[in-house]
Amino acid sequence: MATYQATFEVDSKSDTYAVERILDQAYDAVREESRSVREGSTDSTALLESFKRLREGAKGSTSGTLTITYEEK
């Protein structure tokens, strides 16, 4: 199983904006996919809630780290 990882250091206003945009687009993509493929299922609701918490947590933050990990199964 291969693992790919990217880490973004957030330490400026422009970094914060970039992270917010990444998370907004990821949330929107998951939401749209859930609507068309998994509408009403429990796993799509939990997944969407996870992305929503990530998105809300990054808003207005001035420093932090965003790490994205993709693992092939």
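Predicted model only: the values in this text are computed from it and were never measured.
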Of all residues at least two apart in sequence or in a different chain, which pass the side chain to side chain contact (heavy atoms under 4.5 Å, CB included) check with S50?
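Here the qualifying residues are R53.
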So, using side chain to side chain contact (heavy atoms under 4.5 Å, CB included) as the criterion, who are the partners of V10 when residues are at least two apart?
D15, T16, V19
Mind checking what makes side-chain hydrogen bond (donor to acceptor under 3.5 Å, both in side chains) contact with [X], not counting sequence neighbours?
X	value
T3	none
S63	none
E9	T65
E71	none

Does one hydrophobic cluster hold both L23 and Y17, with members joined at side-chain heavy-atom distances below 4.5 Å?
no
The test is side-chain contact (heavy atoms from CB on, under 4.5 Å); show your working for I68 and Q5 and say whether it passes.
CA-CA 6 Å; I68 300 171; Q5 189 170 22; over 6 Å; no
Please collect all side-chain hydrogen bond (donor to acceptor under 3.5 Å, both in side chains) contacts where either partner lies in residues 20-29, sequence neighbours excluded, each pair once.
D28-R31
To the nearest 0.5 Å, how far apart are CD1 in I22 and CG in L66?
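Reported to 0.5 Å precision, the distance equals 6.0 Å.
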Could you work out the complete set of other residues in the hydrophobic cluster of Y4, with links drawn between I, L, V, M, F, W and Y side chains under 4.5 Å apart?
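In the cluster with Y4 are Y70.
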